Amino acid sequence: MLDPQLLKRNIDQLAEKLRARGYTLDTDYYQSLERQRKSLQSEIESLQEQRNRISRQIGEAKAEGRDIQPILDSVDDLGGQLKDRKTGLGDIQRKLSALLSEIPNVADESVPVGRDEQDNVEVRRWGVPRRFDFPVQDHVALGEGLNQMDYETASKLAGSRFVVMTCGLARLHRALAQFMLDFHVREHGYVEVNVPLLVNQQTLFGTGQLPKFEEDQFRTADSPAYYLIPTAEVPLTNLVADRILDADTLPLRFVAHTPCFRREAGSYGKDTRGMIRQHQFEKVEMVHIVRPDQSWLALDQMTSHAESILQALELPYRVITLCTGDMGFAAAKTFDLEVWIPSQNQYREISSCSNVESFQARRMKARWRNPATGKPEPVHTLNGSGVAVGRALVAVMENYQNTDGSISVPEALAPWMGGLDRITQAA
RNA sequence: GGAGAGAUGGCCGAGCGGCUGAAGGCGCUCCCCUGCUAAGGGAGUAUACGUUAAUCGCGUAUCGAGGGUUCGAAUCCCUCUCUCUCCGCCA
């Protein structure tokens with residue numbers, strides 16, 4: 001949710017900025033709604049003032065034992081009028097909030113203007129992609145060759161975009177997740193959190209997945225419905241919903257390892273092979289809740305925290321800044337980490353770190369008490385993957401593959417591998 | 001799944017149709033006293049919106065959510081959600 005002041009004061013400038021994100025703000029519609037809202041609301045308030053005054057008089061008259069009938073007669077049809085106006089106002093407000101809740105965040109000044117992923121800007125690279133002196137296999141071939149990755153059985157159990165892993169690969173997958181989680185807790189001071197994987201509608205509204213991205217979510221048939229979380233960002237960020245935080249409790253840094261569930265509607269043809277894009281995947285997620293003046297610093301820190309995972313795993317990657325057209329709904333600025341995938345001969349997204357500023361905080365009423373003003377103000381929230389576990393597995397498998405189809409285990413994972421340092425068919 | 005109890009401000013907790021935005025306490029802020037890692041006295045201390053250049057002030061709303069009764073609802077009625085207790089079931 002944008003700061004309402006932006007809409008009230010500089011709507012044309014705002015519309016201009018939103019256009020860079022591919023969103024067209026209907027300023028005439030908004031302003032006409034806002035005018036109607038204002039006039040109805042002040043009408044209602046003055047009717048209520050009348051009603052309150054008269055009711056107070058009745059109360060006093062009764063207390064003094066006077067006859068209240070003359071006052072009652074003067075009430076007229078206040079109630080009816082009020083009801084009528086309130087119905088009208090309700091309609092307007094529903095339209096207004098429907099409009100407001102679908103407006104994306106405004107991109108930060110530093111975000112490159114662009115249309116799609118073509119216009120993203122590379123910031124830096126780390127590591128040098130390994131040269132293979134044998135034909136590389138992709139993770140699907142490797143996994144199936146090892147007999148530890150089974151897409152056929154998964155599709156029988158569930159459908160497309162699922163996988164069954166066994167033995168060493170299943171263990172490697174688990175080791176990756178535990179390594180990341182422990183690393184962020186130990187090295188970066190995050191608070192480990194275990195969260196609900198099913199959340200309610202309001203929680204998804206708070207982080208911005210609803211109402212606009214309903215079709216991307218898995219939803220149960222219960223009433224009210226539960227939604228499967230598309231990312232732990234949702235429950236982690238909403239930990240502070242409806243709260244007024246003391247200044248000295250900030251910053252908060254949360255990390256969680258959870259499965260994530262996505263319908264992947266609208267990406268039917270994309271990445272249909274393998275583990276890159278699944279309906280269910282695991283991710284270690286970082287969330288920062290910070291004072292507004294700290295959020296840009298926090299974005300750099302969070303990005304470096306994600307990078308440190310790839311560095312520890314010695315996986316080559318690059319950092320890019322998403323352009324205005326490629327950013328998510330809630331983000332003011334996003335750095336993507338892309339890891340080298342040898343079989344595709346390119347870098348692929350493995351983490352996305354965003355400063356959301358006050359956009360989510362406003363939706364979920366997450367505030368802090370600013371000592372300078374003494375007033376509650378929206379906090380800033382950030383989220384980032386630290387990192388996607390499934391894609392990390394893909395990256396490790398492909399980058400650490402050997403000529404015989406076995407996979408060496410990165411040293412950093414040793415503590416979680418129970419002595420297994422090479423995944424082979426026999427494993 | 002069955003039976004019962006409850007949901008009030010940063011927290012605890014009264015109120016159960018009318019000057020109640022809400023007693024009292026705790027916490028916090030400021031002042032005084034005291035002169036020392038303590039205690040006492042006084043004042044203040046919700047949020048949103050509107051009005052305003054802004055503050056003060058004024059108006060409106062908010063006592064889990066939504067609806068209803070009434071001139072008037074934190075208080076009465078209905079629906080829902082959540083929490084707690086007991087029973088059942090269960091990882």
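Numbered from 1 within each chain, the chains take letters A, B, ... in sequence-line order. These values consider heavy atoms only, across backbone and side chains, with no hydrogens, waters or symmetry-generated copies. This one's a predicted model, so the numbers in the text were calculated from it and none came from an experiment.
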* **Candidate pair A:Lys333 and A:Ser110, rule side chain to side chain donor-acceptor pair (under 3.5 Å), full reasoning** => CA-CA 8 Å; A:Lys333 183 171 187 173; A:Ser110 66; 2.8 Å; yes
* Base-pairing mate for B:rU37 - Watson-Crick or G-U, with both contacts under 3.5 Å ->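 In the structure as shown, B:rU37 has no Watson-Crick or wobble partner.
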* Mate of B:rC56 where both pairing distances stay under 3.5 Å, Watson-Crick or G-U -> none
* State the pairing partner of B:rC28; accept Watson-Crick or G-U wobble contacts with both distances under 3.5 Å, and report none otherwise. =>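 Base-paired to B:rG44.
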* Asked: Of all the nucleotides listed (B:rC71, B:rU69, B:rC19), which has the minimum atom distance to the side chain of A:Arg51?
  ->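 The nucleotide sitting nearest to the side chain is B:rC71.
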* Asked: Counting only Watson-Crick or G-U wobble pairs whose two distances fall under 3.5 Å, which nucleotide matches B:rA14?
  -> none
* Length of the line joining A:Leu82:CG and B:rA73:P, which is rounded to integer Å ->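 Atom-to-atom, A:Leu82 to B:rA73, this comes out as 11 Å.
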Validation: residues 235-248 of chain A side-chain donor-acceptor distances under 3.5 Å, sequence neighbours left out:
unit_1: A:Thr237; atom_1: OG1; unit_2: A:Glu233; atom_2: O; d: 2.6
unit_1: A:Asn238; atom_1: ND2; unit_2: A:Thr203; atom_2: O; d: 2.9
unit_1: A:Asn238; atom_1: ND2; unit_2: A:Val234; atom_2: O; d: 2.8

* **Lys/Arg cation over aromatic A:Phe205: A:Arg363, 6.0 Å, 45° cone** =>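 Yes, A:Arg363 sits over the ring of A:Phe205.
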* To do: Using the side-chain hydrogen bond (donor to acceptor under 3.5 Å, both in side chains) rule, pick out the option among A:His305, A:Gln301, A:His188 that qualifies with A:Arg253.
  =>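 Of the listed residues A:His305, A:Gln301, A:His188, the side-chain hydrogen bond (donor to acceptor under 3.5 Å, both in side chains) partner of A:Arg253 is A:Gln301.
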* Find the partner of B:rG9: check Watson-Crick (N1-N3 plus N6-O4 or O6-N4) and G-U wobble (N1-O2, O6-N3) distances, both under 3.5 Å, and reply none if neither fits. => none
* To do: Whole angstrom is fine here: how far is it from CD in A:Glu49 over to C1' in B:rC58?
  =>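 In whole Å, B:rC58 C1' and A:Glu49 CD are 9 Å from each other.
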* Below 4.0 angstrom from OP1 or OP2 of B:rU60, is there any side-chain N or O of A:Asn52? -> yes
* Asked: A:Ile44 or A:Lys62: which one's nearest nucleotide on RNA chain B is closer to the 5' end?
  ->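 Checking each residue's closest nucleotide, the 5'-ward one belongs to A:Lys62.
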* Do A:His279 and A:Phe261 have ring centres separated by under 6.0 Å? ->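 They do not qualify: ring centres at least 6.0 Å apart.
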* Asked: So which nucleotide does B:rC19 pair with, by the Watson-Crick or G-U wobble rule with both distances under 3.5 Å?
  ->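 In the structure as shown, B:rC19 has no Watson-Crick or wobble partner.
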* Taking atom P of B:rG59 as reference, at what distance in whole Å does atom CG of A:Leu47 sit? -> 16 Å
* Asked: When the distance from CZ of A:Arg56 to P of B:rU20 is rounded to whole Å, what number comes out?
  -> 11 Å
* Could you work out the separation of B:rU20 and B:rU8 based on their C1' atoms and round it to a whole Å? =>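 Per the computed distance, 12 Å lies between those C1' atoms.
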* Expressed in angstrom and rounded to an integer, what is the separation of A:Trp368 atom CH2 from B:rG10 atom P? ->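 Value for this atom pair: 18 Å.
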* **Distance between C1' atoms of B:rU52 and B:rA46 (Å, rounded)** =>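 The answer is 22 Å between these two C1' atoms.
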* Can you tell me how far P of B:rU81 sits from CG of A:Asn200, to the nearest Å? ->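 Checked: the CG to P distance equals 12 Å.
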* In whole Å, what separates the C1' atom of B:rG1 from that of B:rG10? ->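 After rounding to an integer number of Å, I get 39 Å for this pair.
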* Nucleotide by nucleotide, 5' to 3', does protein get under 4.0 Å of the base (B), only the sugar-phosphate (S), or neither (-) in nucleotides 43-54 of chain B, counting heavy atoms? -> ----S-SSS---
* To do: For B:rA38 and B:rG27, measure between their P atoms and round to the nearest Å.
  => 13 Å
* Picking from A:Val111, A:Asp116, A:Asn120, what satisfies side chain to side chain contact (heavy atoms under 4.5 Å, CB included) with A:Asp326? ->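 So the option named by the test is A:Asn120.
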* To do: Would you classify A:Lys83 as touching base, sugar-phosphate or nothing, given that sugar-phosphate means primed atoms plus P, OP1 and OP2, and contacts are heavy atoms under 4.0 Å?
  => sugar-phosphate
* **Chi angles and distances behind the side chain to side chain donor-acceptor pair (under 3.5 Å) call for A:Tyr400, A:Glu314** => CA-CA 10 Å; A:Tyr400 282 82; A:Glu314 299 182 71; 4.5 Å; no
* Which value, in whole Å, describes the distance between the P atoms of nucleotides B:rA74 and B:rU60? ->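 About 13 Å, rounded to a whole number of Å.
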* **d(CD1, A:Ile54; P, B:rU70) in whole Å** => 17 Å
* When rounded to the nearest Å, what value does the distance between C1' atoms of B:rC36 and B:rG40 take? ->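 Approximately 15 Å lies between the C1' atom of B:rC36 and that of B:rG40.
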* Rounded distance in Å - CG (A:Asn370) to P (B:rG10) -> 18 Å
* How do A:Tyr226 and A:Gly59 order along RNA chain B: which one's closest nucleotide is nearer the 5' end? ->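 The residue closer to the strand's 5' end, by nearest nucleotide, is A:Gly59.
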* Are A:Phe359 and A:Phe329 an aromatic pair by the rule of ring centers under 6.0 Å? ->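 Yes.
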* For the pair A:Tyr190 and A:His288, name the ring-plane relationship: parallel under 30°, tilted 30 to 60°, perpendicular over 60°. =>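 The arrangement is tilted - the two ring planes meet at 30° to 60°.
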* Examine the side chains of A:Ser354 and A:Asn383 and answer whether a donor and an acceptor come within less than 3.5 Å of each other. =>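 Side chains of A:Ser354 and A:Asn383: no pair found under 3.5 Å.
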* Report the base-pairing partner of B:rG66 (Watson-Crick or G-U wobble, both distances below 3.5 angstrom), or none. =>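 B:rG66 is paired, partner B:rC78.
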* Does a side chain donor of either A:Tyr23 or A:Glu102 reach within less than 3.5 Å of an acceptor in the other side chain? ->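 No, no side-chain donor-acceptor pair sits under 3.5 Å.
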With the criterion being N/O to N/O and under 3.5 Å, what pairs connect the protein with nucleotides 65-67 of chain B, and how long is each?
none

* Asked: Between B:rG18, B:rC19, B:rU69, which one does the side chain of A:Ile58 approach most closely?
  ->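 Of B:rG18, B:rC19, B:rU69, B:rG18 is nearest to the side chain of A:Ile58.
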* Asked: Does B:rU85 pair with anything, Watson-Crick or G-U wobble, both distances under 3.5 Å, and if so, with which nucleotide?
  ->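 Across any shown strand, B:rU85 pairs with B:rA3.
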